[in-house]
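Data block below; observations after.
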Amino acid sequence: MICRKIIRYALLHQLDKIIYEYVDRKNEIITQIDSIENEIFYDILFSRYIEQKTFERIAQDMNYSFRQITRLHEKALKEFEKKYGIKYLEE
């Protein structure tokens with residue numbers, strides 16, 4: 001019985017750590033996306049990676065075609081990579 005409690009406590013502690021790391025990482029990414037100056041790029045990146053919308057939904061919300069959203073998304077990622085790419089390559 002005591003062994004189960006110890007294991008349970010250890011697992012809960014490990015889970016808490018993972019959750020805190022996830023929240024910290026998500027907040028960091030939100031801050032990075034917030035720094036994107038192009039408003040359209042910002043809207044696409046925020047919708048896709050924070051709100052987890054599909055490209056179809058983003059296209060509807062922004063009144064663009066699906067194809068145009070995917071093109072703009074590619075450009076937005078390139079801008080993001082220029083600012084923060086090296087940080088993600090180092091990890």
Side-chain angles (χ1 to χ4, degrees):
M1 186 70 160
I2 292 176
C3 187
R4 283 186 181 178
K5 287 183 180 182
I6 292 171
I7 291 171
R8 184 170 184 241
Y9 174 79
L11 289 173
L12 288 174
H13 179 71
Q14 189 176 19
L15 182 60
D16 283 345
K17 182 180 177 197
I18 291 168
I19 290 169
Y20 289 130
E21 288 171 0
Y22 170 80
V23 170
D24 285 345
R25 182 62 172 243
K26 185 173 182 178
N27 288 333
E28 180 182 3
I29 292 168
I30 289 171
T31 299
Q32 292 170 339
I33 290 173
D34 281 345
S35 75
I36 299 295
E37 293 176 17
N38 182 307
E39 198 171 320
I40 293 171
F41 291 174
Y42 165 82
D43 288 342
I44 292 170
L45 292 175
F46 192 87
S47 295
R48 182 71 175 157
Y49 297 106
I50 304 307
E51 297 176 327
Q52 299 180 348
K53 292 182 181 179
T54 64
F55 288 126
E56 291 86 357
R57 181 64 195 192
I58 297 168
Q60 282 179 337
D61 291 349
M62 295 180 68
N63 293 316
Y64 284 96
S65 70
F66 172 84
R67 184 69 185 127
Q68 189 63 17
I69 287 296
T70 58
R71 283 189 200 118
L72 289 167
H73 176 258
E74 184 178 337
K75 291 178 182 180
L77 284 180
K78 286 180 182 176
E79 183 174 320
F80 188 89
E81 185 179 22
K82 274 192 233 176
K83 288 183 101 168
Y84 300 107
I86 193 71
K87 177 181 178 12
Y88 292 96
L89 290 174
E90 291 173 348
E91 293 180 351

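From a predicted model like this one, the values you see are computed outputs, not experimental measurements.
Note: R67 CZ to T70 OG1 = 4.0 Å, rounded to the nearest 0.5 Å. Atom CD1 in I19 sits 11.5 Å away from atom CD in Q14 (nearest 0.5 Å). Taken from NZ in K78 to CD in E81, the straight-line distance is 9.0 Å, to the nearest 0.5 Å. Between the OH atom of Y42 and the CD1 atom of I33 there is a distance of 8.0 Å, given to the nearest 0.5 Å. T31 OG1 to K26 NZ: the interatomic distance, rounded to the nearest 0.5 Å, is 12.5 Å. Atom CG of L77 is separated from atom CG of L45 by 6.0 Å, given to the nearest 0.5 angstrom.
A tilted orientation is assigned to the rings of F80 and Y84, their planes being inclined by 30° to 60°.
In summary, E21 and R25 do not engage in a salt bridge, as defined by a charged side-chain N under 4.0 Å from a carboxylate O.
Closest of all the heavy-atom pairs between I36 and K83 is CD1-CD, 4.1 Å.
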- [ ] Could you give me the CA-CA distance, side-chain angles and deciding distance for Q60 and E56, then say whether side-chain contact (heavy atoms from CB on, under 4.5 Å) is met?
- [x] CA-CA 6 Å; Q60 282 179 337; E56 291 86 357; 5.9 Å; no
Open item on the list: Between M62 and I44, does the side-chain contact (heavy atoms from CB on, under 4.5 Å) criterion hold? Intermediate values first, please.
Closed with: CA-CA 9 Å; M62 295 180 68; I44 292 170; 3.8 Å; yes
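If you chain together hydrophobic residues whose side chains sit under 4.5 Å apart, L11 and I6 never meet in one group. With hydrophobic clusters built from ILVMFWY side chains whose heavy atoms lie under 4.5 angstrom apart, L15 shares a cluster with V23.
Just one of Y64, F46, Y49 meets the ring-ring contact (aromatic ring centres under 6.0 Å, His included) condition when paired with H73; it is Y49.
A 6.0 Å sphere centred on CD of E51 holds more than 12 heavy atoms belonging to other residues, nucleotides or ligands.
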